[in-house]
Amino acid sequence: MDSLQQRSSTVQEPPGAVPAYRPTPPPAWQPRTDPAPLLPDAEPLRVLGTDAAADADPALLLRLYAELIRGRRYNTQATALTKQGRLAVYPSTTGQEACEIAAALALEERDWLFPSYRDTLAAVARGLDPVQALTLLRGDWHTGYDPHEHRIAPLCTPLATQLPHAVGLAHAARLKGDDVIALAMVGDGGTSEGDFHEALNFAAVWKAPVVFFVQNNGFAISVPLAKQTAAPSLAHKAVGYGMPGRLVDGNDAVAVHQVLTEAVARARRGGGPTLVEAVTYRIDAHTNADDATRYRAAGEVETWRAHDPILLLERELTERGLLDEDTRSAAAEAAETMAADLRERMNADPVLDPMDLFSHVYAEQTAQLREQAAQLRAELDAEGEA
């Protein structure tokens with residue numbers, strides 16, 4: 001009976017047949033590493049509103065607050081510029097400012113930031129001129145700034161293609177002996193791209209000093225996260241590549257800064273890559289060209305407004321006696337000064353040179369590019385004479 005039960009639970013073989021050869025897998029199948037330490041916590045890490053907030057540096061809290069206020073004003077001003085026809089498109093990060101600011105502040109000057117098209121605020125918080133950060137979205141000139149000068153890769157419009165670039169730079173820096181970290185930002189939609197898989201796989205195998213920062217804002221344009229993945233969280237995907245996954249409240253600026261700073265430090269000391277998922281929400285539409293009311297309810301948005309990153313930080317600062325009217329006014333005035341300067345400079349018509357099409361394509365122009373440039377120059381000269 002025992003033998004019969006055993007046979008019925010496997011493959012049924014004809015009576016008298018020689019049992020099929022079923023070898024035990026060799027040792028190579030064993031896991032390369034213990035998966036337990038790589039698993040993210042069951043709940044997103046929070047600092048604000050918990051006992052851990054008491055240990056937060058007051059100077060850091062005040063800097064985060066000033067940057068959040070400026071970031072919110074930057075988002076509203078850039079959105080207004082699209083309505084005035086001064087900006088072609090703008091993907092707002094209203095509601096996600098804590099992620100953007102924390103990403104910029106977690107890096108040292110020598111490190112590199114690899115942003116997506118939505119991460120203009122992170123670039124500005126890192127020190128980039130606000131007008132240069134919007135130049136690409138205006139359609140004026142290449143990426144709008146010198147990536148090497150600012151250690152900010154070009155704003156990446158194709159989903160997730162910046163991730164393999166970040167891995168390549170980080171790996172090359174390590175081979176050269178440079179103490180450089182790459183932080184690559186991507187949205188939840190980008191995690192469904194093949195580039196995401198390739199980047200994480202290479203980074204983990206090479207132990208590249210790179211941090212993958214996923215801003216899970218709930219929607220890939222109109223597609224909710226539940227229709228993209230059945231994973232417990234996006235942070236859990238890290239385990240499949242052999243790197244730690246961290247889950248954090250993306251509206252808690254202090255928590256995001258803490259997690260990213262730890263991931264950057266780990267990468268710098270040779271610990272390899274980390275995947276960080278920040279759970280946040282896109283308050284505005286995908287871009288000014290999107291109608292978000294077609295795929296989400298107003299009540300859902302209002303629920304997230306109550307978890308606004310600025311409100312969370314203001315509450316902590318107020319309870320600790322760090323936020324008075326002078327501090328509020330100073331932050332608001334600095335933000336208005338930035339917005340006024342951005343508005344004035346974006347209202348000026350740009351002076352464009354069509355020959356710039358051929359600049360910065362290759363270090364040395366190819367024969368084909370030289371031919372095309374000569375053809376365009378001849379057409380421009382003929383047009384000028386006419």
Side-chain angles (χ1 to χ4, degrees), residues 78-92 112-124 126-169 171-173 182 184-187 189-190 193-196 198-199 221 286-290 341-386:
T79 299
L81 288 169
T82 65
K83 299 177 181 179
Q84 297 163 5
R86 288 297 181 178
L87 193 59
V89 66
Y90 183 66
S92 173
W112 274 78
L113 178 71
F114 282 77
S116 74
Y117 61 89
R118 191 177 297 279
D119 300 317
T120 50
L121 177 53
V124 170
R126 184 154 167 78
L128 185 63
D129 182 334
V131 172
Q132 290 184 335
L134 294 176
T135 299
L136 176 68
L137 299 174
R138 195 181 191 183
D140 286 353
W141 186 85
H142 291 288
T143 196
Y145 55 89
D146 181 349
H148 191 269
E149 176 187 354
H150 300 281
R151 298 297 179 104
I152 303 172
L155 296 169
C156 192
T157 302
L159 291 185
T161 56
Q162 74 274 20
L163 303 187
H165 301 164
V167 176
L169 183 140
H171 181 55
M185 305 179 72
V186 68
E193 296 288 330
D195 300 80
F196 176 82
E198 293 157 5
I221 308 183
H286 175 67
T287 67
N288 52 291
D290 175 43
D341 178 69
L342 177 60
R343 189 167 54 246
E344 178 181 358
R345 293 163 63 200
M346 290 291 288
N347 280 335
D349 290 330
V351 178
L352 305 178
D353 182 0
M355 296 305 296
D356 277 345
L357 285 169
F358 305 97
S359 302
H360 309 293
V361 180
Y362 292 102
E364 295 184 11
Q365 284 192 344
T366 63
Q368 187 179 35
L369 276 181
R370 291 196 297 270
E371 179 183 348
Q372 293 172 351
Q375 180 180 348
L376 177 59
R377 171 55 65 194
E379 292 176 357
L380 291 174
D381 291 343
E383 183 177 315
E385 293 173 0

Begin with the C-alpha distance, continue with both residues' side-chain angles, and end with the deciding distance and a verdict on salt bridge (Lys or Arg N to Asp or Glu O under 4.0 Å) for Asp129 and Arg345.
CA-CA 11 Å; Asp129 182 334; Arg345 293 163 63 200; 2.6 Å; yes
Any donor and acceptor pair, going by atom type alone, linking the side chain of Gln162 with main-chain N or O of Met185 inside 3.5 Å?
yes
Asp290 (side chain) donor-acceptor with His286 (main chain) under 3.5 angstrom:
yes
Show the nearest heavy-atom pair for residues [X] and [Y], with the distance to one decimal.
X: Thr161; Y: Pro158; answer: OG1-O, 3.4 Å
X: Ala182; Y: Leu169; answer: CB-CD2, 4.5 Å
X: Arg138; Y: Ala348; answer: NH2-O, 3.1 Å
X: Ala184; Y: Ala166; answer: CB-CB, 3.7 Å
X: Val124; Y: Pro130; answer: CG2-CA, 3.9 Å
X: Pro164; Y: Ala199; answer: N-CB, 3.6 Å

Between [atom1] on residue [X] and [atom2] on residue [Y], distance to nearest 0.5 Å:
X: His150; Y: Trp112; atom1: NE2; atom2: CH2; answer: 10.5 Å
X: Asn288; Y: Lys83; atom1: CG; atom2: NZ; answer: 9.0 Å
X: Met346; Y: Leu87; atom1: CE; atom2: CG; answer: 5.0 Å
X: Gln84; Y: Thr79; atom1: CD; atom2: OG1; answer: 11.0 Å
X: Asp119; Y: Cys156; atom1: CG; atom2: SG; answer: 10.0 Å
X: Thr287; Y: Arg118; atom1: OG1; atom2: CZ; answer: 7.5 Å

Between [X] and [Y], is any pair of side-chain heavy atoms under 4.5 Å apart?
X: Leu159; Y: Phe196; value: no
X: Leu342; Y: Val131; value: yes
X: Leu155; Y: Ser116; value: no
X: Thr82; Y: Leu137; value: no
X: Tyr145; Y: Leu136; value: no

N/O donor to acceptor pairs below 3.5 angstrom from side-chain atoms of residues 366-385, sequence neighbours left out:
unit_1	atom_1	unit_2	atom_2	d
Thr366	OG1	Leu369	N	3.2
Arg370	NH1	Gln365	O	2.7

Residues that Asp349 engages under side-chain hydrogen bond (donor to acceptor under 3.5 Å, both in side chains), provided they are two or more places apart:
Arg86
